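Computed from a predicted structure; not experimentally measured.
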Amino acid sequence: ILLPFTLFRFPSTMSQRLLEVHRVIMEAMMLRVQKSLRNKRLKDFIAIGVFMSLELHQQIYNWVLISMSVCGLLCFIALYFVKAGYGKFLDKSWGLAFNNKVAWFFMEVPTLIVMLIMITLSPRKDSMIRLIIVAFYVGHYVQRTLVFPFLMKGKSKMPALIVFMGAFFNTVNAFLIASWIFYLSPADYYSTGWLYDIRFMLGVIVFALGMWINLTSDAYIRSLRKNGDSKHYFPQQGVYKYVTSANYLGEIIEWTGFALLSWSLPGVFFVFWTIANLVPRAHAINKSYREKFPEEFAKTKPKRIFPFVY
C-alpha cells in the first residue's frame with residue numbers, strides 16, 4: 001500500500017529523501033550557529049529556533065505515525081474479540097455513559113479545533129491548494145460534528161471511555177494530516193498544477209462517492225425509526241442489499257479518496273485506521289443481524305462490509 005506513495009513522487013524512497021533533507025538542514029543550522037556565535041546576532045538565533053522547531057515537529061510526526069499504526073493493528077485484532085460498547089452493542093461494563101448526541105459532538109469536535117489551530121499557526125495558511133485539499137477533510141467533520149449528532153432519533157447513550165478514545169484518535173489524526181499538508185510537505189508538493197493531476201481528480205471522485213454512500217446510508221437507517229425510537233431494524237435498501245454496514249463502506253471509500261487527492265502517508269494511515277476500526281465492527285453487526293433477523297437475512301445474504309467479498 002505504501003510503495004506507490006514513496007516511489008511515484010520522488011526519485012528515491014520517501015525515507016531517503018527525508019534523511020537527505022534533514023542532513024542539509026542540520027548542516028545549514030550548524031553554519032548559522034557558528035556565524036551567530038561570532039556576530040551575536042539575535043535574528044540568527046531566532047532563525048535557528050525555527051529550524052529546531054521544524055526538526056522536532058518532524059520527529060514527533062514520525063513517531064506518532066509509527067506508534068499509531070502499530071496501535072491500529074492491535075486494535076484491529078482486539079475488536080474481533082471485544083465489541084466496542086456503543087450503538088447496537090451498548091454495554092454497562094464500559095462504565096459511565098451519557099447522551100449519544102452530546103457524546104458524538106465532543107468526540108468529533110477536537111478534529112475541527114486542532115485543524116483550525118494548526119492552519120492558523122502555519123506559514124502556509126495562505127496556500128489555496130492546501131486549503132482546498134484540507135477542505136474535504138474538514139467538510140466531513142463539520143457534518144459529523146454539527147449536523148449528524150442532531151439528526152439522531154433514538155435515545156441511546158455512549159460510554160465516556162469510548163468518547164475519550166475517539167476524541168484522542170481524532171486529535172492525533174488531525175495533527176498528522178495538518179502537519180503534513182501545512183508544515184512538512186515539500187514547498188512545491190502541492191503546486192497549482194496539483195488540481196489537474198490525475199491523482200487529485202480521481203481522489204475527488206472517489207471521495208464524493210464514499211461520502212454519498214455514507215450520508216444516504218445514515219439517512220436510510222434514520223428513516224426506519226420514529227423520534228425517540230432506539231430499536232434496531234434490518235436495512236434492506238440501497239447498498240444495504242449487498243452489505244450490512246453500508247455506512248461504514250462509504251466511510252472507507254471516502255478516506256481512500258482523501259488519501260488519493262492528498263497523496264500522503266497520513267491519508268493512507270487514516271484509511272488503515274478506518275479499516276482497523278470499522279471492519280471488525282461490521283463483522284459483529286453482520287452476525288447480530290443474522291441472529292436477530294434470520295428470515296430477512298436469508299433473503300439477501302448480505303456481506304459484512306465489502307460487497308461480494310467480505
Side-chain angles (χ1 to χ4, degrees), residues 1-29 47 50-69 111-112 114-141 171-208 210 254-274:
I1 294 174
L2 302 182
L3 189 60
F5 286 80
T6 59
L7 296 182
F8 194 96
R9 188 75 179 177
F10 302 107
S12 59
T13 66
M14 180 74 81
S15 59
Q16 290 173 334
R17 178 62 180 266
L18 287 174
L19 288 173
E20 178 64 17
V21 170
H22 288 177
R23 185 186 64 78
V24 173
I25 289 176
M26 292 303 294
E27 289 180 357
M29 286 172 55
V50 171
F51 275 124
M52 291 289 283
S53 297
L54 287 174
E55 185 72 14
L56 179 60
H57 193 162
Q58 179 72 66
Q59 292 176 2
I60 293 173
Y61 167 88
N62 291 342
W63 277 109
V64 170
L65 194 62
I66 294 170
S67 60
M68 286 298 289
S69 296
T111 302
L112 301 178
V114 172
M115 187 62 70
L116 179 61
I117 291 173
M118 294 194 69
I119 291 175
T120 302
L121 297 177
S122 172
R124 297 172 173 177
K125 60 180 177 291
D126 296 323
S127 171
M128 186 57 63
I129 308 302
R130 286 176 164 79
L131 290 174
I132 290 173
I133 290 170
V134 85
F136 291 91
Y137 178 85
V138 172
H140 171 91
Y141 278 102
T171 299
V172 171
N173 191 45
F175 164 78
L176 290 173
I177 290 173
S179 292
W180 171 255
I181 295 176
F182 288 99
Y183 293 86
L184 303 177
S185 59
D188 60 347
Y189 195 85
Y190 298 117
S191 60
T192 305
W194 184 252
L195 298 182
Y196 309 102
D197 191 288
I198 185 63
R199 291 163 290 180
F200 178 81
M201 293 188 289
L202 181 61
V204 170
I205 294 172
V206 174
F207 183 92
E254 196 175 344
W255 296 125
T256 300
F258 182 78
L260 282 170
L261 68 88
S262 65
W263 203 250
S264 61
L265 287 178
V268 176
F269 162 81
F270 196 7
V271 176
F272 167 71
W273 248 99
T274 304

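- Looking at I132 and M128, their side chains come closer than 4.5 Å, going by heavy atoms from C-beta outward.
- For the atom pair Y137 OH and L112 CG, the distance stands at 8.5 Å (nearest 0.5 Å).
- Side chain of S67 to backbone of V64: a donor-acceptor contact under 3.5 angstrom is found.
- Side-chain contact check for Y183 versus Q58: every heavy-atom pair is 4.5 Å or farther apart.
- Taking CG of L176 as the reference point, atom CD1 of I60 lies at 11.0 Å (rounded to 0.5 Å).
- Heavy-atom minimum distance, V268 versus A259: N-CB, 3.9 Å.
- Evaluation of the ring pair (Phe, Tyr, Trp, His ring centres under 6.0 Å) rule for F272 yields no partner, not counting sequence neighbours.
- A donor and an acceptor atom, one from each side chain of R130 and S185, are located under 3.5 Å apart.
- Applying the side-chain contact (heavy atoms from CB on, under 4.5 Å) criterion to T171, with sequence neighbours excluded, gives P110, V114.
- A donor-acceptor distance shorter than 3.5 angstrom exists from the side chain of S262 to the backbone of F258, with no hydrogens or angles considered.
- The ring pair (Phe, Tyr, Trp, His ring centres under 6.0 Å) search around Y61 returns none, not counting sequence neighbours.
- Looking only at side-chain heavy atoms (C-beta outward), M115 and F175 stay at 4.5 Å or farther from each other.
- Rounding to the nearest 0.5 angstrom, the gap separating the CG atom in N62 from the NE2 atom in H57 is 10.0 Å.
- Partners of V204 by side-chain contact (heavy atoms from CB on, under 4.5 Å), not counting sequence neighbours, listed by chain and number: F136, F200, L261.
- Interatomic distance, CG of L265 versus CG of L65, reported as 6.5 Å (0.5 Å rounding).
- Counting all heavy atoms, side chain and backbone alike, M118 lies closest to A174 at SD-O, 4.5 Å.
- Under the 6.0 Å cut-off for aromatic ring centres, W263 and Y190 do not qualify, their centroids lying 6.0 Å or more apart.
- For the pair T111/N173, no side-chain contact is recorded, criterion being any heavy-atom separation below 4.5 Å from C-beta on.
- Side-chain N or O atoms of Y196 include none that pairs as donor or acceptor with a backbone N or O of M201 at under 3.5 Å.
- Taking CD1 of I119 as the reference point, atom CD1 of I181 lies at 8.5 Å (rounded to 0.5 Å).
- Aromatic ring pairs are classed by plane angle as parallel below 30°, tilted from 30° to 60° and perpendicular above 60°; the pair F270 and Y141 is parallel.
- Contact annotation: the side chain of M68 approaches that of W273 to within less than 4.5 Å [non-hydrogen atoms, C-beta and beyond].
- In this structure F182 satisfies the ring pair (Phe, Tyr, Trp, His ring centres under 6.0 Å) test with no other residue, sequence neighbours excluded.
- Listed by chain and number, the residues in a side-chain contact (heavy atoms from CB on, under 4.5 Å) with L202 are V206, L260 (sequence neighbours excluded).
- When ring centroids are compared, Y189 and W180 come within the 6.0 Å threshold.
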